[in-house]
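Scroll down for the structure; my scribbles are underneath it.
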Amino acid sequence: MLPRPHRVRRPDDFRRILRRGRKAGRRLLSVHALAGDDGGRRAGFVVGRSVGGSVERHRVTRRLRHLVAARLDALPEGTALVVRAHPAAATATSAALAADLDAALRRLGVLPGPHAGEPVGPTVARSG
RNA sequence: GGAGUCGGCCGGGCGGCCGCGUCGGGCCCCACGAGGGCCCGUCGAGGAAAGUCCGGACUCCACAGGGCAGGGUGGUUGCCAACAGCAACCCGGGGUGACCCGCGGGACAGUGCCACAGAGAACAGACCGCCACCGGCGCGAGCCGGUGGUGAGGGUGAAACGGUGGUGUAAGAGACCACCAGCGUCCUGGGUGACCAGGACGGCUCGGUAAACCCCACCCGGAGCAAGGUCAAGAAGGUUCCGCCGGAGACGGCGGAGCUGCGCAGGUCGUCCGAGGGCUGCCCGCCCGAGACCUGCGGGUAGACCGCUGGAGCCCGUCGGCGACGGCGGGCCGAGAUGGAUGGUCGCCGCCCGCGGACCCGCGAGGGACCGUGGGCACAGGAUCCGGCUUACAGGCCGACUCCUCCG
RNA sequence: GGGGCUGUGGCGCAGCUGGUAGCGCAUCACACUGGCAGUGUGAGGGUCAGGGGUUCGAGUCCCCUCAGCUCCA
């Protein structure tokens, strides 16, 4: 998991981010972002039963966690994310997940345009 | 060389970069709470962690009471904390064999059911046939009808009331006889026992189904770690409907009403004759016991910690036992997360499969090794903990044994 | 962690105490019409979720497995 201070842990926090945050959806995942949160930069994950069995769900969660952790420092202070995995994420590669994650984050405006220093795959810049 | 049976085991390895959790130690920070940060060390998923089909430990229900109901188990003897598990053996069935399979008590305690077909289906049944007698027809063999005898023959069925041979008879039949099969009783021997072997006698033969009701023997109190406990906090509780505002919508915000949990107030019932409740359902018996219900008003917690991991534990040796397993001695510590860690990514190697080339051994079926290329590396992840069962699984290793074929 | 329910033609459902599986809609063919709709007549279509067992015989009884739904704490 993420270092404890960067996790979203309480059901109330999840509920607040999902309802009040802005949302951007892609084919493999969707991201809810709530700015101005007082808990620092945080992220939580929702991987439901439609994604697959226990093994598939955990694999997707771990990949997303590592991808989000690499981008956490680039987020504005006080940003809380909830990343929800879609069923297609079960068979996607990490590069594909990274592309959708970057696209969603940029659409929400929490991540600047095409950026350097990413070790993962050919991220296509689709600013929207 | 081929085909097969049983048992046991493994289930990717190494490295680079980045990253997470537990525990221990050190240093630093502080609104001092063993709170936070950094560094070092340590440990960090499985043979099924799975399905949740059983059994326990543990916790609470006062003790875990009696009967009925309900549920479970079902060859014997053992093993085990316990079990629907395991071992050995018995019986029945399958296989040439190694071996495998079996919910494997009781059908003279009772009740129910056995469709269709068939003459007849449970102390059965005369359709055809066979036989005798009577009547009619015919020269005759015989034919037709009636009365009676007959369960040996035909055909139906899953199943038709023993089998073979003979005596017997008008024809037949356990009607009678011999042998065999099966049933029951008794005796002898072996075995702890299920049971086995042998013998005698008996009536001559007795259907199946209890994974139908049921009977017998034995077992089972209920709930489950969200069990249960400690400590904080008093700001927003949940849900349905309505109104207003924002929004394209999804939805969000604010306000109001109803229901519900908690507190307060009032009323009724009750604290000698006991409200109400607990002990799974009912009855008995027992226990706790001062509150319970209604109305109105106000209007609340799945936050942290403990439980939480050292246990019927694992490994080695030895002894007892056919074995499951047990005794003794020595050694070891092997996850405790909580929106849920044990990973992400890259490289090398390994293994498997397909295609192409090509080598060695062998008469042969076939076996072994090499290069290139493409693809793949299963089933699946703790959530209180153990013992089993069942199911899923790429590929591989080891041991014992059986059958067939060939060579000596 | 505990319970419960369902699985049967393409779809929605019956099937009682075991006896050889039906109903409605849909499909196809024919007829009525110039044609469509509609109606009528007829036909086809089933591993009863999968496997094993009990029984002479299993959709039904028993055991295991696989899906899906749902309730409670």
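In what follows, chains carry the letters A, B, and so on, assigned in the order in which the sequence lines appear, proteins first and then strands, with residues in each chain numbered from 1.
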I'd like the [atom1] distance from [M] over to [N], given in whole Å.
N	M	atom1	result
B:rG184	B:rA171	C1'	36 Å
B:rU111	B:rA88	P	45 Å
B:rC348	B:rG375	P	14 Å
C:rA43	B:rA119	P	33 Å
C:rU54	C:rG22	C1'	27 Å
B:rC393	B:rC363	C1'	43 Å
B:rA82	B:rG93	P	36 Å
B:rA275	B:rA290	P	14 Å

Separation of atom [atom1] in [X] from atom [atom2] in [N], rounded to whole Å:
X	N	atom1	atom2	answer
A:L64	B:rG339	CG	P	18 Å
A:R57	B:rA383	CZ	P	13 Å
A:R71	B:rG344	CZ	C1'	12 Å
A:L67	B:rG343	CG	P	17 Å
A:L72	B:rG344	CG	C1'	16 Å
A:H66	B:rC346	NE2	C1'	14 Å
A:H6	B:rG339	NE2	P	17 Å
A:R65	B:rU345	CZ	P	12 Å

**Prompt:** Got a sec, which residues hit side-chain contact (heavy atoms from CB on, under 4.5 Å) with A:T93, two or more places apart in sequence or on another chain?
**Reply:** A:A95, A:A96

Tell which nucleotide pairs with [N], taking only Watson-Crick or G-U wobble pairs whose two distances are both under 3.5 angstrom.
N	answer
C:rG68	C:rC5
B:rG381	none
B:rG255	B:rC242
B:rA158	none
B:rC183	B:rG202
B:rC348	B:rG13
B:rG263	B:rC297
B:rG372	B:rC355

Out of curiosity, [X] [atom1] to [Y] [atom2], how far, rounded to the nearest 0.5 Å?
X	Y	atom1	atom2	value
A:R106	A:L101	CZ	CG	9.5 Å
A:R65	A:H6	CZ	NE2	14.0 Å
A:R59	A:L64	CZ	CG	12.0 Å

**Message:** Return whichever of A:F45 or A:A69 has its heavy-atom-nearest nucleotide of RNA chain B closer to the 5' end.
**Reply:** A:A69

Any protein N or O atoms within reach of nucleotides 374-382 of chain B? Criterion: under 3.5 Å, listing atom names and distances.
from, atom 1, to, atom 2, distance (Å)
B:rG381, O6, A:R62, NH1, 3.2
B:rG381, O6, A:R62, NH2, 3.2
B:rG382, OP2, A:S54, OG, 2.8

Using the glycosidic torsion, which applies to [N]: syn (within 90° of 0) or anti (everything else)?
N	answer
B:rG136	anti
B:rA200	anti
C:rU55	syn
B:rG374	anti
B:rA45	syn

**From A:L67, A:L75, A:V68, residue fulfilling side-chain contact (heavy atoms from CB on, under 4.5 Å) relative to A:R71** = A:L67

**Request:** Compare all side-chain heavy atoms of A:V60 with those of A:L29 and state whether any distance is below 4.5 angstrom.
**Result:** no

**Request:** Please check the phosphate of B:rU345 (OP1 and OP2 only) for any side-chain N or O of A:S94 closer than 4.0 Å.
**Result:** yes

